[in-house]
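What follows is a short report on a single structure.
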2 protein chains.
Amino acid sequence: MKILLVEDDPLHRSYLREAVNAALPECHAIFEADNGIVGERMARDHKSAHIIMDLQMQTRNGIEAARTIWKERPDTRILFWSNYSDEAYVRGVARIVPDGAAFGYVLKSASEERLKLALRSIFIEAQCVIDREVRGMQQKSLGQAKGVNDIEYEILIDIALGLTDRAIAARRNLSLRSVQNRLQQLYEKLGVYQTSQDGHDGRFNLRARAVAVAFMRKLINYNGLERSEAELSEWLNTN
Amino acid sequence: MKILLVEDDPLHRSYLREAVNAALPECHAIFEADNGIVGERMARDHKSAHIIMDLQMQTRNGIEAARTIWKERPDTRILFWSNYSDEAYVRGVARIVPDGAAFGYVLKSASEERLKLALRSIFIEAQCVIDREVRGMQQKSLGQAKGVNDIEYEILIDIALGLTDRAIAARRNLSLRSVQNRLQQLYEKLGVYQTSQDGHDGRFNLRARAVAVAFMRKLINYNGLERSEAELSEWLNTN
DNA sequence: AGAAATGATGCGGGATCACGCAAGACGAAC
DNA sequence: GTTCGTCTTGCGTGATCCCGCATCATTTCT
């Protein structure tokens, strides 16, 4: 068995290397990449079937890399190893995992024991392993209770990118009014409203405020926004 | 000499410990804290004069912690050790460092050699050491060439938090029109404008777009926004 | 099948925003 | 002292946003 490590931080990389050696004696070769681009290339060259992937890397993040890898060979098993359980990351991963693929999501704060267990579960048993904390996040994403559903999430991204209602309507093939409807759903879900109804001074610009609270609730984050921006500029060009 | 490490990742913490041992034989005691709260407390209890501080930690970030520590004893020497050189962080640090205090800013990606050198320079020689990359960022912040100055930065924060023009005016003691003036300066600096002047469809909501590009340029980030939000809610209560 | 829920769309109005124009305030340069 | 540049503020306008009210269409429940 060969394993490919894609991880920025040399410290974490060597920690992973040791964990793999300890937990997977059947692994006889470890390859390492220190960013997403190299990771993709090595995965292709070595036809890697077992990958451990960091999510936030400077040059190319783990979600992008995983997507292209899975596009080429959907049965690749990938263990995501991340510092955070931001909803934005969880959504990002959930969006790209192919049907039936084995993958895992373990936090860097997990104990060594848990990491080793996850390694065996995924790479030997082909089971999906998802950290408890991440799991909680996932439930919240899917169930709508207090969570933001896909439609609302989509429009959240659009306003976070700074689009006007009209542009969103064009992009999503909706009428102007529908866009505004969805915006109101979103505002409600995020608990955003013009405070101090007493006077006439709405303190918050709802649109901007919604983005702010989404950001603070980690519904969106830097990497997610960057990805969305890339999609947007693509759309802008063809339109 | 005693040194206090404030860092949430155990891996990085032990790496630091070894680096300190290797570079500073005159250090006879190392204390460790795994978040900002504990860090503040330990700094107080041990009257720490030499601290190595991570910037992004979950429970309380390094800037907050450093601020309260410096408030109590401004001659404390603090080496910030961070993954990123986001302008938001650099600004955050610059804002709180007391006059004449010795401090440093070293990236985690720096070589071990560089870290050790910085350790000696700061803790022995009381010099300020700032990573080259960070330095570049700092210049850009201060010089206004293409960079955003303090006034623009301030209003950027305000719209990122989701305030209305009126609320900003109240908070900053300005007229409505002045706020809008500053907004326009900001838009210009960020290169934000209604694309496609041909038709009449402004694709971007300038206010939201400005926040988006600022975010993508790392003028603002999660920690910074959270800090500002805390200040904001304080102001909202007393007003 | 009929009823109820959900979502898309149109109309309209009040509030906010973006921004040109212009007048006064203040300090720096000459 | 005059002139210039920068900053603040007011007024006004057109575009955009927020959102209540109302009409269909599609789904879902009974």
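Sequence lines set the chain letters: A, B, ... in the order given, protein chains first and strands last, and positions in each chain run from 1. Source: prediction; values computed, not measured.
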Base, sugar-phosphate alone, or nothing: which one does [X] contact when heavy atoms must sit under 4.0 Å apart?
{"X": "B/Arg182", "value": "sugar-phosphate"}
{"X": "A/Leu176", "value": "nothing"}
{"X": "B/Leu174", "value": "sugar-phosphate"}

A/Arg177 or A/Thr164, whichever maps to the more 5' nucleotide of DNA chain D =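 Upstream on the strand: A/Thr164.
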message = With nearest nucleotide decided by heavy atoms, which residue, B/Gln180 or A/Tyr187, maps closer to the 5′ end of DNA chain D?
response =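 The residue mapped nearer the 5' terminus is B/Gln180.
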Rounded to whole Å, please give me the gap between [atom1] in [X] and [atom2] in [N].
{"X": "A/Asn181", "N": "D/dT23", "atom1": "CG", "atom2": "C1'", "value": "13 Å"}
{"X": "B/Leu206", "N": "D/dC17", "atom1": "CG", "atom2": "P", "value": "10 Å"}
{"X": "B/Phe204", "N": "D/dC17", "atom1": "CZ", "atom2": "P", "value": "13 Å"}
{"X": "A/Ile155", "N": "C/dG7", "atom1": "CD1", "atom2": "P", "value": "13 Å"}
{"X": "B/Asp158", "N": "C/dC17", "atom1": "CG", "atom2": "C1'", "value": "16 Å"}
{"X": "A/Ile151", "N": "D/dT27", "atom1": "CD1", "atom2": "C1'", "value": "13 Å"}
{"X": "A/Gln184", "N": "D/dC17", "atom1": "CD", "atom2": "C1'", "value": "10 Å"}
{"X": "B/Asp165", "N": "D/dC17", "atom1": "CG", "atom2": "C1'", "value": "13 Å"}

ask   = Around atom CD of A/Gln58, are there more than 12 heavy atoms of other residues, nucleotides or ligands at under 6.0 Å?
value =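 Yes, the 6.0 Å shell around CD holds more than 12 heavy atoms from other groups.
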key: Test item: B/Arg182 and B/Ile168 side chains (from C-beta on) under 4.5 Å apart, heavy atoms   =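 The answer is no, as the side chains (C-beta and beyond) never meet within the 4.5 Å cut-off.
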task = Give a yes or no on whether a salt bridge exists between A/Asp9 and B/Lys108, defined as a side-chain N under 4.0 angstrom from a carboxylate O.
result =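 The answer is no: the pair does not qualify as a salt bridge.
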query = Are the charged groups of B/Glu229 and A/Arg209 less than 4.0 angstrom apart, N to O?
reply =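 The answer is yes: the pair qualifies as a salt bridge.
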message = With a cut-off of less than 4.0 Å, is there a side-chain N or O of A/Arg166 near OP1 or OP2 of D/dT16?
response =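 Affirmative; the distance criterion is met.
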request  = Run through B/Asn223, B/Asn61, B/Asn83 and flag the one making a side chain to side chain donor-acceptor pair (under 3.5 Å) with B/Tyr89.
outcome  =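 Answer to the side chain to side chain donor-acceptor pair (under 3.5 Å) test with B/Tyr89 among B/Asn223, B/Asn61, B/Asn83: B/Asn223.
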message = Please compare A/Ser178 and B/Asn205 by the position of their nearest nucleotide in DNA chain C and report the one closer to 5'.
response =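 First, find each residue's nearest nucleotide; the 5'-ward one identifies A/Ser178.
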